[in-house]
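A short write-up of the structure that comes next.
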Number of protein chains: 2
Amino acid sequence: MRDICLLANVAQQRQESSDTTQPVLNMRTISIRRGDRLFSQGQSGAIYAVRLGFFKTRILNAHLREQVTGFYMPGALMGADALALGQHGDDAVALEDGEACEISCNTLVGQAQKNGDARQQLQRILGQEISRLHHTTQRLRDTVAVQRVVGLLLDLSDAFALRGYSARSFLLRMTRNEMASYLGLSIETVSRILSRLQNHGLLQIQGKLVNLTDTKALHGILEQTGNTVELE
Amino acid sequence: MRDICLLANVAQQRQESSDTTQPVLNMRTISIRRGDRLFSQGQSGAIYAVRLGFFKTRILNAHLREQVTGFYMPGALMGADALALGQHGDDAVALEDGEACEISCNTLVGQAQKNGDARQQLQRILGQEISRLHHTTQRLRDTVAVQRVVGLLLDLSDAFALRGYSARSFLLRMTRNEMASYLGLSIETVSRILSRLQNHGLLQIQGKLVNLTDTKALHGILEQTGNTVELE
DNA sequence: CGATGCCTTGACGGAATTCAATTGCCGTGG
DNA sequence: CCACGGCAATTGAATTCCGTCAAGGCATCG
């Protein structure tokens, strides 16, 4: 969110200050269709900021079984691990038609060597990635399935709020299967938990449309300790 | 491991090249007793390399319930998230008497601005942290408890091997409780799984002493897909 | 219309947690 | 030296939770 703006700023600053014909930050916008792959595991060279649409990242294991590793909405950065590791650890796939901004790693790192702003920016990017990973690992340590599902919903809610959208009512862009994979649960469990939360009046859900009616109670579920969770 | 050496190198290079009286990298060794805290959540200013002993990092939640986020042995870096995020996300506690090397963040980042080696070094540190988090995330998505336990054992085995110790036989420095917390399991489950693995002849365990007798089979457990795992 | 994909729901079995009791270990103090 | 207490770990029994299998609903699309 803030990141993409800062990145743009850095790029712009440089463009203005230097009158060379070649751009300093290699950025270009890529249009992509739902289901298509933006980058692949093992590739390197660029990171990507979501401009439009929603994306997931995933790992394909030995049996070609997909494991979802993250969800990204406009303003989010994908593939930041390549900055530090030299290559992408996962694929990025568009959950709907969208656009992404490709930013060359080399020029980004190169900039960081000369430009203080770019350096702070790079550091911020890596920090955000580390922070994101911390967050998801903590969520996965929640043994209780309800907590994982609620955690995801509240994370999405926060992300929407940060972007000026409603924190209470939003559209899930991923399938139940993708949610389940991301959370390390079975699709049926996810479905059942959503129904249960609805029956208890904590939210309404029909298809992909969610309405968090009792966010206080939802937060309460997350904070409950131990491996049994009370609904009401 | 390699990191601490490189860090030391960077420090040394600078010490030699510059004849100013003040040291360029603020490093100092801290002795610590078992159970004591090396740094705390929210603090900032330094990262730490383990010199001697074993450490854990943890988060204390609202109810002062501890959640273990990592184990560290000599050569490992703790608190790298503070480099990018400005403050530590977790506490570090010594699992036994030991020593850690404190490295000031400011000077490290400052070095990175002028010194190419230090910059690469910084990047490597952050990359390692991201890599570590990727790894643990994947492990936690293994829903089956056996896989998590075996995963931890094999990770420890690798780490010991990397440091020149036996990969087959080693001493667990953490309690079952800490293992369970780290793995998102109950202590009883951890205990039972270890017993079961022993009964199937994959390892021997008595107290904290582990002997991996059939690492091939142990690796096999990790690679099994789906939510049921066959032992033999 | 049927086919397909996605989601929901039920029934069942296996897996992990909980509760409770026991064992083993180690240091302390008698 | 042994007895004792405290802590860690194991083990058992009962329960709860979650995954699997199966059936059915409900859209979309050809």
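Throughout, protein chains are lettered first and strands after them, A, B, ... in sequence-line order, and every chain is numbered starting at 1. The structure displayed is predicted, hence computed values, not measured ones.
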Practice prompt. Run the salt-bridge test on B:Arg58 and B:Glu66 with the 4.0 Å N-O cut-off and return the result as yes or no.
Written response: yes
Discussion item. If the condition is side chain to side chain donor-acceptor pair (under 3.5 Å), which residues does B:Thr69 pass it with, not counting sequence neighbours?
Written reply: B:Thr57, B:Asp90
Discussion item. Tell me the interatomic distance from B:Ile193, atom CD1, to D:dT11, atom P, rounded to whole angstroms.
Written reply: 13 Å
Worksheet item: So which of B:Phe55, B:Tyr182, B:Phe160 actually passes ring-ring contact (aromatic ring centres under 6.0 Å, His included) with B:Phe71?
Response: B:Tyr182
Response to the item:
B:Leu185 atom CG is separated from D:dC18 atom P, nearest whole Å, by 14 Å
Worksheet, complete the sentence: In whole angstroms, the gap separating C1' of C:dA16 from CG of A:Asp142 amounts to 16 Å
Fill in: Salt bridge A:Lys56-A:Asp91, side-chain N to carboxylate O under 4.0 Å
no
Polar atom pairs (N or O), protein with nucleotides 5-13 of chain C, under 3.5 Å:
{"residue": "C:dC7", "atom": "OP1", "partner": "A:Arg176", "partner atom": "N", "Å": "3.3"}
{"residue": "C:dC7", "atom": "OP1", "partner": "A:Lys208", "partner atom": "NZ", "Å": "2.7"}
{"residue": "C:dC7", "atom": "OP2", "partner": "A:Arg176", "partner atom": "N", "Å": "3.1"}
{"residue": "C:dT8", "atom": "OP1", "partner": "A:Arg176", "partner atom": "NH2", "Å": "3.0"}
{"residue": "C:dT8", "atom": "OP2", "partner": "A:Arg176", "partner atom": "NE", "Å": "2.8"}
{"residue": "C:dT8", "atom": "OP2", "partner": "A:Ser191", "partner atom": "OG", "Å": "2.7"}
{"residue": "C:dT8", "atom": "O5'", "partner": "A:Ser191", "partner atom": "OG", "Å": "3.0"}
{"residue": "C:dT9", "atom": "OP2", "partner": "A:Ser195", "partner atom": "OG", "Å": "2.4"}
{"residue": "C:dG10", "atom": "N7", "partner": "A:Arg192", "partner atom": "NH1", "Å": "2.9"}

Discussion item. Rounding to an integer number of Å, can you tell me how far A:Leu140 CG sits from D:dC18 P?
Written reply: 14 Å
Worksheet, complete the sentence: Taken to the nearest 0.5 Å, the spacing of A:Glu102 CD from A:Phe39 CZ works out to 10.5 Å
Worksheet entry | Distance, rounded to the nearest Å, where A:Gln147 contributes CD and D:dC18 contributes C1' | 15 Å
Worksheet, complete the sentence: Here the distance between atom P of D:dC17 and atom CZ of A:Arg148, to the nearest Å, is 15 Å
Worksheet entry | Flag for B:Ser166-B:Ser169: side-chain donor and acceptor within less than 3.5 Å | no
